[in-house]
Amino acid sequence: MKQTTLPDRTRFAVMVIVFTVFALSLGDALIKNSSANLVLWQIFVLRSCLIIPLLFGILRMKYSTVGIIPTAFIWTLIRSLMLSFMWVIYYAALPHLQLSVAAAAYYTLPIFITLFSALFVGEKVKPLGWLAVLLGFCGVGLILQPKADDFNFYALLPLASAVLYALSMILTRTKCSNEHPLVLSLALNISFVVVGLLAPALLNFASFTPDAGSFLSTSWVVLTQSDFMVLIVLAIAILIGSIGAAIAYQIGRSSVIATFDFAYVAFAVLWGVIFFGDIPDVTMLAGMMLIVVSGIMAVRQ
């Protein structure tokens, strides 16, 4: 019985993770496409305000025995803030980079998870894992092609977001493993609202005032009907992302699911072509392939 059930659950988990990264990549493409019209903090607050009542309702109706307040409250708070700032950094880079470049740089996260697992958790990294780290950073070099005369600072932001995400996943595994996925999602979206409300005030207090019309502007903009539609799609995308990934990794083998998680990079290339006409050159494609291969090696080592 087990031999027939596990493959079916894994196949379903693969479909879930592919649909999840499809939704997330579409949401990120819409954010990049809307960065000239919307404000990041406004997206954070309004998107999560659409999601929080839904998550709360699901928890109360379907999981009434699950407490809303996390048992590991402090660690969940730290995890939520780390992920919130991870998204701030990643979204801040999108207006300045091709979506495929940002996605490929961000998906170095298995490399950082491998490194941090060895450093903070004490897991032994096999030679295949170290080879994956080397190949991954070679792929980053091919994509970003850093040169002193035209280096783009924003190219480093997806790497920084990957570091934050990897650290948050280590924290999830070591300190928040007993929390219900919906509770973690609820805490994350509450964190989005708090960061979205406090960040503009802190920026103003620090006398750092982005230009009017900037994606990081501290002033909200009047939303059009199309803007509201975009926010609804973004809310659906982040809801699918926060729940779908949890479901996929719970019912499927992690090494298999993580491999299909890299479909995000392919979808990012697709949306880049459709929305922005960004066609990666041969060198960038080679770098993306190296990162994908290194990530697969890292999760299987």
Side-chain angles (χ1 to χ4, degrees), residues 17 20-21 24-25 28-29 32 79 82-94 96-121 123 125-147 151-173 241 245 249 254-272 278 280-301:
I17 196 63
T20 296
V21 296
L24 285 174
S25 61
D28 292 344
K32 177 177 172 62
R79 173 190 182 273
M82 289 175 67
L83 286 173
S84 295
F85 286 113
M86 179 274 290
W87 285 118
V88 169
I89 293 171
Y90 185 69
Y91 288 158
L94 289 183
H96 307 278
L97 296 174
Q98 290 186 19
L99 181 61
S100 57
V101 171
Y106 171 71
Y107 264 79
T108 55
L109 63 92
I111 300 170
F112 291 112
I113 290 177
T114 300
L115 290 174
F116 295 152
S117 295
L119 184 61
F120 299 121
V121 186
E123 292 186 359
V125 180
K126 299 176 182 178
L128 182 64
W130 293 118
L131 178 60
V133 171
L134 177 62
L135 288 178
F137 283 114
C138 288
V140 172
L142 285 175
I143 292 174
L144 303 185
Q145 301 178 38
K147 299 176 184 178
F151 179 72
N152 185 355
F153 164 78
Y154 291 100
L156 295 178
L157 295 184
L159 290 175
S161 65
V163 170
L164 280 174
Y165 185 85
L167 288 171
S168 70
M169 290 303 100
I170 297 296
L171 195 61
T172 301
R173 186 169 61 179
Y249 279 96
S254 296
S255 59
V256 175
I257 304 308
T259 300
F260 283 90
D261 204 337
F262 281 92
Y264 180 100
V265 178
F267 286 129
V269 174
L270 175 64
W271 301 134
D278 294 334
D281 58 30
V282 175
T283 303
M284 289 171 57
L285 287 174
M288 290 177 193
M289 288 302 300
L290 273 180
I291 289 175
V292 170
V293 170
S294 69
I296 294 172
M297 291 169 60
V299 298
R300 291 180 175 273
Q301 65 95 23

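The side-chain heavy atoms of Ser100 and Val265, taken from C-beta on, include no pair separated by under 4.5 Å. The side-chain heavy atoms of Val269 and Met288, taken from C-beta on, include a pair separated by under 4.5 Å. In this structure, the side chains of Leu157 and Tyr106 stay at 4.5 Å or more apart for every pair of heavy atoms. Within the 4.5 Å cutoff, the side chain of Val292 has no heavy atoms near those of the Tyr107 side chain.
The two residues Leu99 and Ala29 come nearest to each other via the heavy atoms CD2-CB, 3.7 Å. Between Ala263 and Val21, the closest heavy-atom pair is CB-CG2, 3.9 Å. Of all heavy-atom pairs spanning Leu94 and Ala102, the tightest one is CD2-CB, 3.9 Å. Tyr264 and Ala103 make their closest contact through CE2-CB, 3.3 Å (heavy atoms, listed as atom of the first residue, atom of the second, distance).
For CZ of Phe85, the number of neighbouring non-hydrogen atoms (other residues, nucleotides, ligands) closer than 6.0 Å is 12 at most.
Between the side chain of Lys32 and the backbone N or O of Ala93 there is no donor-acceptor pair closer than 3.5 Å.
One finds the CD1 atom of Ile170 at 8.0 Å from the CZ atom of Phe116 (value rounded to the nearest 0.5 Å). Atom-to-atom distance recorded for Arg79:CZ and Leu171:CG is 8.0 Å, nearest 0.5 angstrom. Atom OG1 in Thr108 sits 5.0 Å away from atom CG in Leu159 (nearest 0.5 Å). To the nearest 0.5 angstrom, Tyr91 atom OH is 4.5 Å from Asp28 atom CG. Interatomic distance, Leu164 CG to Ile89 CD1, rounded to the nearest 0.5 Å: 5.0 Å. In this structure, Leu270 CG and Asp278 CG are separated by 12.0 Å, a value rounded to the nearest 0.5 Å.
Under the side-chain contact (heavy atoms from CB on, under 4.5 Å) rule, Met86 has a single partner from Pro158, Ser168, Ser161, which is Ser161.
In this view, Phe267 and Phe22 satisfy the ring-ring contact (aromatic ring centres under 6.0 Å, His included) rule, not counting sequence neighbours.
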